[in-house]
2 protein chains.
Amino acid sequence: MRLTTKGRYAVTAMLDIALHRNRGPISVMDIAERQGISAAYLEQLLAKLKKGGLLVSVRGPGGGYQLDRALAEITVSSIITAVGDGVDATRCHGTGDCQDGDRCLTHELWSDLSGEIDGFLSGISLADLVGRKEVQHVASRQDQRLIHARHL
Amino acid sequence: MRLTTKGRYAVTAMLDIALHRNRGPISVMDIAERQGISAAYLEQLLAKLKKGGLLVSVRGPGGGYQLDRALAEITVSSIITAVGDGVDATRCHGTGDCQDGDRCLTHELWSDLSGEIDGFLSGISLADLVGRKEVQHVASRQDQRLIHARHL
DNA sequence: GCTATACCCGACCAAATCGGTCTACTTTCC
DNA sequence: GGAAAGTAGACCGATTTGGTCGGGTATAGC
Ligand code: FES
Ligand code: FES
């Protein structure tokens, strides 16, 4: 299993959109500035999330991205999967044949681990994250800083 | 967090040594053949495991590697850590400052995840793995195949 | 209908990492 | 002394990562 910045950025962006969902569509630039992510790079990730059915986009001025499901229905696991950072720790990708057709010594171990991780991440939805005090705190700090920066 | 073949190979090798621990020191070649891993590559991993205090080596003919602790004291987590595949899913590596000095939106999430994974892997020792029926089964198959191959 | 805003798309890229090889050396047993 | 092992390190090709660039296209608002 590998969890790279791709997955992290994707979750961060989704959470950002979730937190500002009452402001209408959120533009890539807004997210990029608030979260400190390259806008061009972020676009690619959002495209995948859209393809994965987690987001819808609105084009033209005032446009941006919006969630396509209820907060509680979007799990962290689904976000990471949609963006391509698989949650599979086995080498055989579940088929059980990484040692010329046969199961290797440690297959069971990695398979169990994958289940553990996926179970954990499936149990956390955007609704959960939005509700966390720490998250709300960080979010309001980010909002303030953005307003301040734009004032210059 | 990223779990690559480095960590997988390391655990596999340690388990192989554990399974054959009554035969005296195990040579790199033996492990490589049984597990289908490049011997030259495996050497690097065993060197790290030795540096990490999990193995001791015996030089000269008939030499090889042996475990330096009791089976129950060697956890999967410690093996993976020793070989360099960290189990840290955060971007800030625990310091909580990946957004120019401040904590990012998702720090808590990754931190929790890391804990979850580490907890799981810390709870599994070589003793546990050696005791699993599936593991013993695969091991005896590998032993048979090696004897057969060497007979040619 | 212009134009500014924004998403859309695909090519491209530098750096890092991965998995692995190769060579040369040392220690130890027989 | 020679063979069997571990030790050390440079080196390498392929892939992935994280990211840029440039040109699209849709659309709201004047
Ligand atoms: S990881 Fe599945 S068979 Fe080896
Ligand atoms: S991951 Fe720790 S602050 Fe962002």
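Just so you know, these numbers use all the heavy atoms, side chains as well, and skip hydrogens, waters and symmetry mates. Naming convention: chains lettered A, B, ... in sequence-line order (proteins, then strands); numbering from 1 in each chain. Bear in mind the structure is a predicted one, so any value in this text is a computation, not a measurement.
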Show which side-chain atoms of residues 16-32 of chain B pair as donor or acceptor with protein atoms under 3.5 Å away, not counting sequence neighbours.
residue: B/D16; atom: OD1; partner: B/R34; partner atom: NE; Å: 3.4
residue: B/D16; atom: OD1; partner: B/R34; partner atom: NH2; Å: 2.9
residue: B/D16; atom: OD2; partner: B/R34; partner atom: NE; Å: 2.8
residue: B/D16; atom: OD2; partner: B/Q35; partner atom: NE2; Å: 2.7
residue: B/H20; atom: ND1; partner: B/D16; partner atom: O; Å: 2.8
residue: B/H20; atom: NE2; partner: B/D143; partner atom: OD1; Å: 2.9
residue: B/H20; atom: NE2; partner: B/D143; partner atom: OD2; Å: 3.4
residue: B/R21; atom: NH1; partner: B/A18; partner atom: O; Å: 2.6
residue: B/R23; atom: NH2; partner: B/D143; partner atom: OD2; Å: 3.4
residue: B/S27; atom: OG; partner: B/D30; partner atom: N; Å: 3.2
residue: B/D30; atom: OD1; partner: B/R150; partner atom: NH2; Å: 3.0

Review item, side-chain donor-acceptor pairs of residues 75-84 of chain A, under 3.5 Å, at least two apart:
residue: A/T75; atom: OG1; partner: A/S78; partner atom: N; Å: 3.0
residue: A/T75; atom: OG1; partner: A/S78; partner atom: OG; Å: 3.4
residue: A/S77; atom: OG; partner: A/D118; partner atom: OD1; Å: 2.9
residue: A/S78; atom: OG; partner: A/T75; partner atom: N; Å: 3.3
residue: A/S78; atom: OG; partner: A/T75; partner atom: O; Å: 2.7
residue: A/T81; atom: OG1; partner: A/S77; partner atom: O; Å: 2.9

Counting the atoms with a prime plus P, OP1 and OP2 as sugar-phosphate, which does A/L42 contact under 4.0 Å by heavy atoms, base, sugar-phosphate, or nothing?
nothing
Without decimals, in angstroms, what is the distance between A/D30 CG and C/dA6 P?
8 Å
Which residues pass the side chain to side chain contact (heavy atoms under 4.5 Å, CB included) test with A/E116, not counting sequence neighbours?
B/F120
Hey, is the main chain of A/D102 close enough, under 3.5 Å, to the side chain of A/D97 for a donor-acceptor pair?
no
Is it true that the side chains of B/S114 and B/W110 contain a donor and an acceptor less than 3.5 Å apart?
no
To the nearest 0.5 angstrom, please state how far the CE atom of B/M14 sits from the CG atom of B/L129.
11.0 Å
Applying side chain to side chain contact (heavy atoms under 4.5 Å, CB included) to A/E73 and not counting sequence neighbours gives A/R69, A/A70
Exercise answer: donor-acceptor pairs, residues 40-52 of chain A side-chain atoms, under 3.5 Å, sequence neighbours excluded:
residue: A/K50; atom: NZ; partner: A/S57; partner atom: OG; Å: 3.1

Are B/V58 and B/Q66 packed together at the side-chain level, in the sense that at least one heavy-atom pair is separated by less than 4.5 angstrom?
yes
Looking at residues at least two apart in the chain, or sitting in another chain, which of them share a side chain to side chain contact (heavy atoms under 4.5 Å, CB included) with A/A127?
A/L71, A/A72, A/S125
Its 5'-most and 3'-most nucleotides having an atom under 4.0 Å from a non-hydrogen atom of chain A, DNA chain D is contacted over D/dT17 to D/dA28
Tell me which residues in residues 95-103 of chain B lie within less than 4.0 Å of DNA chain D, going by non-hydrogen atoms.
none
Looking at A/T90 and A/S111, would you say the former's side chain and the latter's main chain have a donor-acceptor pair under 3.5 Å?
no
Return the set of residues passing side-chain hydrogen bond (donor to acceptor under 3.5 Å, both in side chains) with B/Y65 (not counting sequence neighbours), or none when no residue passes.
none
Excluding sequence neighbours, so at least two apart, what forms side-chain hydrogen bond (donor to acceptor under 3.5 Å, both in side chains) with B/D68?
none
Strictly below 4.0 Å, heavy-atom distances to any atom of DNA chain C: list the hits from residues 46-68 of chain A, or just say none.
A/K50, A/S57, A/V58, A/R59, A/G60, A/P61, A/G62, A/G63, A/G64, A/Y65
Please encode protein proximity along nucleotides 14-23 of chain C as a string of B, S and -, counting only heavy-atom distances under 4.0 Å.
----SBBB--
